Amino acid sequence: MLQQLITAGLTIAVGITAAFGYFYGSNILLDLIFPSKAPGDRGTRNIRRAGVIRPWLFVGPAVLALTLYLVYPVVDSIWLSFHGRDGHEFVGLKNYIWFVGDARIRAAFLNNLLWLLVVPAASTFLGLVSAALTDRIFWGNLAKSLIFMPMAISFVGATVIWKFVYDYRAANQTQIGLLNAIVTWFGGAPEAWITVPFWNNFFLMVILVWIQTGFAMVILSAALRGIPEETIEAAVLDGANGLQIFFRIMVPQIWSTIAVVWTTITITVLKVFDIVYAMTNGQWDTDVLANQMYVWMFEGGGDYGRGATIALIIMLLVVPIMIWNIRNARREMEGR
Amino acid sequence: MADLIMKDVAKAYGEVKVLSNINLDIKQGELIVFVGPSGCGKSTLLRMVAGLESITSGTLSIDGRVVNEVPPAQRGIAMVFQSYALYPHMTVRDNMAFALKIARKSQDEINAAVENAARILQLTPYLDRLPKALSGGQRQRVAIGRAIVRDPKVYLFDEPLSNLDAALRVATRIEIAQLKENMPDSTMIYVTHDQVEAMTLASRIVVLAGGGISQVGTPLDLYERPENEFVAQFIGSPAMNLLPGEIVETGPETVVRLSVGGLVRTAVPTRDSDKGLKVNVGARPEDMVPTEADEHLFEGTVGITEALGEVTLLYFDKKGEAAQVIAKLPGIHAGLRHKTLRLAADPKKIHLFSNGRSLLYR
């Protein structure tokens, strides 16, 4: 344990020193190669040259790291998706044809669609409602902290927590699952919730909604506070009631923020894997694409070709939303 | 008809008293201006009329009906905000129509009202634009239009010109004056810290200071017969000069000996018992004229001059404890700097204050 801590500390120290040394050293080196105090024209020319090179020196490490950890894997995935199980024999479009025709993939795809419809909508809506309501109560900040807290829990951790909520014991035993405890208290029969087809999808989605509502609330709460107070007062004078003010004056003014929150959660949803993997591993018709990717890539000996194909398709689905999202966020920053 | 009466109105935030003892009787068709220094509570008072702030005590009635507890929309008022407060996501048309839509008026009625307001304010070409595509002056007109379509009994203006540049401010001020002229029956309350707006627009001015009403009167009333030193110095620019002195002669005309030297005669009547009373003599800079006579109000050395073309402002060097004396002479006067000058003023234009209050009012 202590050994590990020391290693970790040392790694951090060495890493930071190296990074600092690189930026500081390369900067000095550049100034040495192109001295700005050189006589006459050469001085200004050197400044200009150094100015051209300097940005590349500084972003260089980041570009290298991105290439190694992002660009290379993408290219490799594309290459793998045209190859067989072990990644050697070229199979053309076979993996893609398999993707379109496979029944389990189709089921996972449909589940993904369901997630896409429900989770961003529910998280954004609940986030908006909690943002609006917590702004009005004196213990609003406490409420906000509580709602935000799940954001700090990892998806797997959250799933473990909810496993206890959905836990099932035979009818004659004490129910330790919260949901079954409530159901039996009201006189119902306990149920193994995560095995109920179709509805179990929603039980899984609740976990992500639980996590993402905090995120939506924080962003939307800031947006709501940015609305000029006078427009609300003007609406009060115009005779609008609370709901009318909320939906016709406040929500339209933060519409672009809502869109950013919505799409950001949409991207998270497309990548959701941990929750399904930890809760059901795709059993009982709860599979999603990301889980399929993991299953094909690493289980049963691994099929690199099919795993890479699924990964690429998930990426293709995310990219347009990502672009739209970044554009929107940028426009927001520029104040439209 | 649409009288607005405030009776002992007060406002407090917890222990902090902001306004107290506000008694005001506003007649239909009047344009009342609330002026006062920042933080005097003029905007708060307006927001209390609007219903955006609660009334701590006293009663506010509009049209004979006590409206303390009536929601803002049902008080028969409309308000124009300093920041315009237009709904940024709605077109000009929708901005103006919003209140009527909320009130579930028919589409025909809404269209007629909006188009009428747009015509009055020359906004017809801009009806389908969003506020962000309008200039500041146009936005302010939309804000006024939003008030007009509701056909309120009382219009409330909260510093409506403060966000406009100087030229536009003058133009919009005249537009508001014309608007008032075209709607002689509507009552307006207008809050400003700009005394020019107050003087030009008001049928009566309410000067607020120190959490209460300092004086209520027509603009010229306040200028000619200020009730106290605060109003005397607040109305008029530069502010009225106040010079300490002692009454030496009483009667229908009073003579005061000033502590900085000088003797002044004023048309303010005093009683025999006032002899020896310590007073402040008030003389407006524009009422001071150079004189050669022995009997003078003030003699001093000109420190700084400001030539504005139409007038020249003279700032005299300070004498002892007394505040700096300023004179405003019509026309251009070159070469007065560092000269010693003797000033006098028409006795009818000299004010007397004792303990801050005018001797005219007692």
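The structure displayed is predicted, hence computed values, not measured ones. Residue numbers begin at 1 in each chain, while the letters A, B, ... track the order of the sequences.
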* Asked: Less than 4.0 Å between a side-chain N and a carboxylate O, is that true for A:D238 and B:K101?
  ->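 Not counted as a salt bridge, because no side-chain N and carboxylate O are separated by less than 4.0 Å.
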
* **side-chain hydrogen bond (donor to acceptor under 3.5 Å, both in side chains) partners of B:R119, counting only residues at least two apart** =>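 For B:R119, the residues satisfying side-chain hydrogen bond (donor to acceptor under 3.5 Å, both in side chains) (neighbours in sequence not counted) are B:N116.
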
* **Straight-line distance of B:Y84 OH to A:E230 CD, nearest 0.5 Å** => 11.5 Å

* Hey, what do you get for CD1 (B:I102) to CD1 (A:I245), rounding to the nearest 0.5 Å? -> 8.5 Å

* Ignoring hydrogens and angles, tell me if any N or O in the side chain of B:H89 forms a donor-acceptor pair with the backbone of A:R248 under 3.5 Å. => yes

* Heavy-atom donor-acceptor pair, B:R150 side chain to A:L237 backbone, under 3.5 Å -> yes

More than 12 heavy atoms of other residues, nucleotides or ligands under 6.0 Å from [atom1] of [X]: yes or no?
X	atom1	value
A:F109	CZ	no
A:K144	NZ	yes
B:M183	CE	yes
A:F273	CZ	yes

Between [X] and [Y], which heavy-atom pair has the shortest distance, and what is it?
X	Y	value
B:A73	A:G239	CB-CA, 3.2 Å
B:P88	A:T231	CD-CG2, 4.3 Å
A:A234	B:A85	CB-O, 4.0 Å
A:V236	B:P72	CG1-CG, 3.7 Å

Which atoms of [X] come close to chain A, meaning under 4.5 Å heavy atom to heavy atom: side chain ones, backbone ones, both, or neither?
X	value
B:L100	neither
B:A103	neither
B:R47	side chain

* **Which portion of A:Q244 sits near chain B, non-hydrogen atoms under 4.5 angstrom** =>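 Side chain only.
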
